[in-house]
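Beneath this line is the structure, given in structure tokens, with notes to follow.
Letters A, B, ... mirror the listed sequences (proteins, then strands); counts begin at 1.
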Amino acid sequence: MAYPFADIEKKWQDEWEKRQTFNAENDFTKPKYYVLDMFPYPSGAGLHVGHPEGYTATDIVARYKRMQGYNVLHPMGWDAFGLPAERYAMQTGIHPAITTKKNIDNFRRQLKSLGFSYDWSREINTTDADYYKFTQWIFLKLFNSYYDTKVNKALPIEELQIPQNLNGKEREEFIASHRLAYIASMPVNWCAELGTVLANEEVEEWVGKGYKVERRPMRQWMLRITAYAERLLDDLVHVDWPQSTLELQKNWIGRSTGALVTFAVDTQHAVSLQVFTTRPDTLYGVTFMVLAPEHPLVDIITPESHKKQVAEYREKTALKTDLERQRGVQHPKGAGALPVGEIDVNKKDKSGVMVGAYAIHPLTNEKIPIYIADYVLMGYGTGAIMAVPAHDERDFAFAEAFGIEIKPVVETHGSTGSPTGAPLPRIEDGVAVNSPIIDGLKTQDAKAKMIEYLEKNKIGERRVQYKLRDWLFSRQRYWGEPVPISFTEDGFMVAEEEADLPLVLPESQNLQPSGGHGTSGSAHDTKTLFVPTGTGESPLAHLTNWVNFSKDGKKLSRETNTMPQWAGSSWYYLRFADPHNKERFASKESEAYWLKDGVDLYVGGAEHAVLHLLYARFWHKVLYDLGYVTSIEPFKKLVHQGIILGEDGSKMSKSRGNVINPDMVVAEYGADTFRLYEMFMGPLEQMKPWSSKSIEGIYRFLARIYRLYFNDGKINSKLLEKPKNEKAVLKILNQTIKKVSQDIESLSLNTAISQMMIFVNETYKLESIGKDAAEKFVQLLHPFAPHLSEEIWQALGYSTSIAKSAWPTFDPSLLVEDEFEAVIQINGKIRARQSLKVGISDADFENFARKIDSIQVALERKTIRKVIVVKNKMINFVV
RNA sequence: GCCGAAGUGGUGAAAUGGUAGACACGCCGCACUCAAAAUGCGGUGGGGGCAACCCCAUGUCGGUUCAAGUCCGACCUUCGGUACCA
């Protein structure tokens with residue numbers, strides 16, 4: 001008989017909702033456990049099977065911890081700002097708020113149908129004004145703070161030391177240039193069709209979908225995340241995260257140590273050139289200098305004779321996209337572009353031109369030619385390099401192409417101690433040669449000595465450089481948080497008063513960006529509301545009544561860019577601590593309680609390994625510096641669930657037709673089966689394919705449990721009778737309690753389920769296990785299959801929820817066996833097995849083993865050199 | 001190229017350095033049934049033997065150890081990330 005999952009699940013979902021079973025308590029004296037899912041973007045497609053994977057794992061942990069007596073915070077919310085809803089609005093004319101609400105309702109329904117024990121009273125939505133009031137508040141905190149490098153933390157902007165001699169405008173500019181939120185003209189990824197700027201990491205996604213993205217300098221809000229580079233890197237030692245994610249963050253931050261070296265430039269202008277190098281020990285090997293084409297010094301140092309070719313080269317570079325630039329489409333000898341996918345740094349074609357000026361080598365006073373080349377990026381270091389072709393493959397390739405001298409200054413030595421004469425470029429460490437100051441020193445020592453020399457002679461200094469760039473924080477969109485800043489007519493910035501927040505996103509039916517400068521009604525827009533103007537502003541710019549206003553007799557106009565989707569998700573975990581607080585993002589007490597040591601367990605996709613997690617850590621640290629949060633890191637333990645593939649082993653996609661819809665699975669097998677199956681598929685972190693056969697097996701397992709406990713809809717009294725073999729029951733029960741508890745702690749949920757299967761198989765054989773064991777097993781099952789376990793619990797006579805019962809504990813003394821199967825090995829090969837009493841002495845074990853016929857025979861005429869006994873396990877004769 | 005993770009039956013997968021393949025899917029058999037489904041019970045890595053048993057087997061090749069899927073070295077493959085970052 002099939003078990004009536006549909007009735008059971010509906011019944012208990014209604015019950016939980018009615019009783020508000022899973023609301024976190026406001027008792028701050030209990031030990032807390034905060035287990036969080038990465039909240040979803042509520043897309044129109046609804047939940048896919050990947051969502052419930054992580055959500056089930058956290059739900060199991062949440063229910064387990066509650067039963068262990070923890071006050072558990074397990075909330076859910078919606079990351080609901082974002083481009084898809086806005087694009088849908090542009091196509092259909094339906095306001096994003098309406099689409100978003102509809103999608104959220106659908107997501108909520110789906111999540112509830114899976115029986116997750118969220119505290120729905122704490123549900124949040126990033127698009128609610130009550131929520132984004134505090135997103136804006138945090139933005140103002142960033143705007144009104146600066147990073148003080150002396151105390152190494154953010155401080156209120158009022159504490160910034162401002163030079164006395166600055167007048168009003170200069171003073172404002174000085175302050176503005178120190179704020180953690182600032183405006184800069186940045187070359188950005190501009191997509192005309194979308195009418196917006198994209199983050200670097202978003203470019204590929206949209207290019208892949210057929211959109212054109214170009215580089216364009218535009219006025220943008222930036223957040224000074226680079227000020228936190230060092231702490232974002234160093235504090236990774238405090239978190240319990242997957243190794244791969246730690247590495248990704250480290251690489252993204254990209255710390256490297258080296259030196260800043262100053263080269264004088266040999267022109268009539270008194271200018272000098274600063275370069276960053278990680279190899280100061282190769283300073284004597286410098287044979288040319290390279291500036292990024294955009295480097296501001298180029299204008300000053302280029303003599304009239306070279307102006308034309310420099311201008312031409314700069315123009316060519318500006319037209320190249322980043323991708324083209326990285327792939328080296330041009331070659332001085334006229335070779336064409338390399339096909340994508342065959343890029344090799346060594347062979348990457350190098351282009352560039354001489355600027356006609358020379359630098360002076362700070363140690364040898366030699367004249368060194370200066371080039372501009374697009375392989376040097378303005379955005380990293382100083383935008384200029386000292387080129388050492390003998391020991392850098394890029395400089396080597398450039399020198400070869402341009403016929404520049406190559407001067408080896410590092411020698412590598414083989415095991416014999418003689419020079420290996422390794423081919424150039426020689427990247428690896430070695431010993432300095434042809435370098436008077438440091439000759440004979442190993443690379444590491446040579447670097448140190450050189451830096452020391454540079455500092456003493458004021459021609460350079462030690463320097464730590466990061467790859468991390470500041471966070472481009474503005475988007476030319478409607479459906480995002482308005483930036484709470486206005487501008488006076490003479491260009492001063494005026495921040496919204498905190499008391500006046502939220503700055504509400506105005507109603508608008510006109511969502512067409514004012515910036516789309518491409519053709520109207522492009523391939524992607526079926527419904528164009530008006531012809532764009534091409535200014536690159538957000539749709540908010542059209543709402544002149546909202547943009548222009550007066551305050552204290554001053555005419556002001558609002559910022560029309562909105563915040564990126566990352567904004568709302570960078571602090572939502574804090575809001576869950578106190579989601580209805582109107583005065584503060586969360587009360588001091590609730591923050592200190594729920595966020596003590598951060599979120600205890602955070603589960604979500606590895607695709608957020610860098611950006612979301614880095615941005616959230618950054619905001620958290622700013623709030624920490626300003627005294628608003630008590631922990632230095634937001635997420636203590638992090639786990640990524642693996643991707644669930646389609647049945648054919650490839651990624652689920654509509655086009656492949658291999659998408660599994662959770663609603664269908666729940667309808668066919670029920671939520672408990674769905675939950676259990678997703679956990680049984682394999683290790684949580686691992687990528688794994690869906691199998692419609694295997695889910696049948698899980699369904700059978702639950703049906704088997706149902707039949708074990710129920711007989712014609714009534715409790716199976718035979719099961720609850722006193723067992724014939726009480727010892728066997730206690731043993732398997734205690735084993736199961738131990739294994740399931742340990743496995744939940746380590747998130748090995750697949751093996752926890754295996755153990756429960758073993759228990760059920762055993763119980764079928766035993767027929768009766770007694771009421772106590774029957775109850776305890778259902779409790780173990782509860783985090784995994786909450787509906788069925790509630791149903792059984794009620795049938796066992798309880799009127800309170802099993803979720804509120806106390807997690808069973810095991811008695812280690814009942815796990816001790818009296819006998820074990822002894823393994824007898826000769827030279828590590830198994831020759832016999834025998835059942836023996838636990839606790840047998842090593843000597844008795846050996847004597848016993850020697851008497852076994854096959855062993856006796858095998859040991860005849862052999863010298864026993866050694867006998868190894870592993871207590872209560874095995875013996876090994878070495879002959 | 002660089003960084004990271006992983007390679008175990010027909011399949012998903014288990015294994016504190018100590019009996020490789022738990023648990024499940026699939027398959028085979030038995031019981032129930034007129035029959036089937038469902039259910040219950042049993043078998044199932046490969047090769048050999050009537051049998052007790054024996055040999056082989058955790059990507060490849062070496063090493064450490066009484067003992068290696070597990071530790072070390074080199075290599076191969078797959079997946080994820082990243083890529084002119086000086």
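Considering A/Ile253, A/Leu232, A/Thr226, A/Ile225 as possible partners of A/Tyr466, the one that fulfils the side chain to side chain contact (heavy atoms under 4.5 Å, CB included) test is A/Ile253.
When only modelled atom types and interatomic distance are considered, A/Gln465 and A/Ser256 share no side-chain donor-acceptor pair under 3.5 Å.
Residue A/Lys250 places no side-chain atom within donor-acceptor reach of the base of B/C3, judged by atom type and a 3.5 Å distance cut-off alone.
At the heavy-atom level, A/Gly697 lies under 4.0 Å from the strands shown only through sugar-phosphate atoms. A/Ser244 comes within 4.0 angstrom of sugar-phosphate atoms only, judged by non-hydrogen atoms across all strands, and of no base. Residue contacts shown for A/Met386 are absent, as no nucleic acid heavy atom lies under 4.0 Å away. As judged by a 4.0 angstrom heavy-atom cut-off over every strand, A/Arg255 is placed among residues making no nucleic acid contact.
Remark: C1' of B/A52 and CZ of A/Arg833 are 14 Å apart, rounded to the nearest angstrom. For the pair A/Leu236 CG and B/C3 P, the interatomic distance rounds to 19 Å; values are reported in whole Å. Rounded to whole Å, the distance from CD on A/Glu821 to P on B/U19 is 11 Å. Atom-to-atom, NZ of A/Lys829 to P of B/U19 comes out at 16 Å; the value is rounded to the nearest Å. Rounded to whole Å, atom P of B/A22 lies 21 Å from atom NZ of A/Lys738. Between the CH2 atom of A/Trp252 and the C1' atom of B/A83 there is a distance of 11 Å, rounded to whole Å. The CG atom of A/Asn872 sits 15 Å away from the P atom of B/G18 (whole-angstrom rounding).
Along RNA chain B, the nucleotide nearest A/Lys866 and the nucleotide nearest A/Tyr764 are compared for position; the residue whose nucleotide lies closer to the 5' end is A/Tyr764. Nearest-nucleotide positions on RNA chain B for A/Val610 and A/Gly379 put A/Val610 closer to the 5' end.
Checking B/C84, B/C25, B/C66 against every side-chain atom of A/Ser694, the shortest atom distance belongs to B/C25. Looking at the side chain of A/Thr751, the nearest of the listed nucleotides B/G40, B/A14, B/G4 is B/A14. Checked against B/A86, B/G4, B/C79, the side chain of A/Met687 finds its nearest nucleotide in B/C79. The listed nucleotides are B/A86, B/G18, B/G12; the one nearest the side chain of A/Thr278 is B/A86. Checked against B/U39, B/U19, B/A24, the side chain of A/Arg700 finds its nearest nucleotide in B/U39. In the set B/C23, B/A86, B/C66, the nucleotide with an atom closest to the side chain of A/Ile868 is B/C66. When distances run from any side-chain atom of A/Tyr380 to the nucleotides B/U19, B/A86, B/U16, the shortest one goes to B/A86. Looking at the side chain of A/Asp374, the nearest of the listed nucleotides B/A14, B/G18, B/C84 is B/C84.
By the 4.0 Å N-to-carboxylate-O rule, A/Lys688 lies close enough to A/Glu53 to be salt-bridged with it. In this structure, A/Lys250 pairs ionically with A/Glu247, as a charged nitrogen and a carboxylate oxygen lie closer than 4.0 Å.
Between A/Arg704 and B/C41 there is a side-chain polar atom (N or O) within less than 4.0 angstrom of OP1 or OP2. Note on A/Arg707: a side-chain N or O is less than 4.0 Å away from OP1 or OP2 of B/G40. Between B/G4 and A/Asn251, no contact under 4.0 Å exists linking OP1 or OP2 to a side-chain N or O.
In this structure, the ring of A/Phe398 has its center less than 6.0 angstrom from the ring center of A/Tyr371. Separation of the A/Tyr3 and A/Tyr699 ring centroids falls under the 6.0 Å cut-off.
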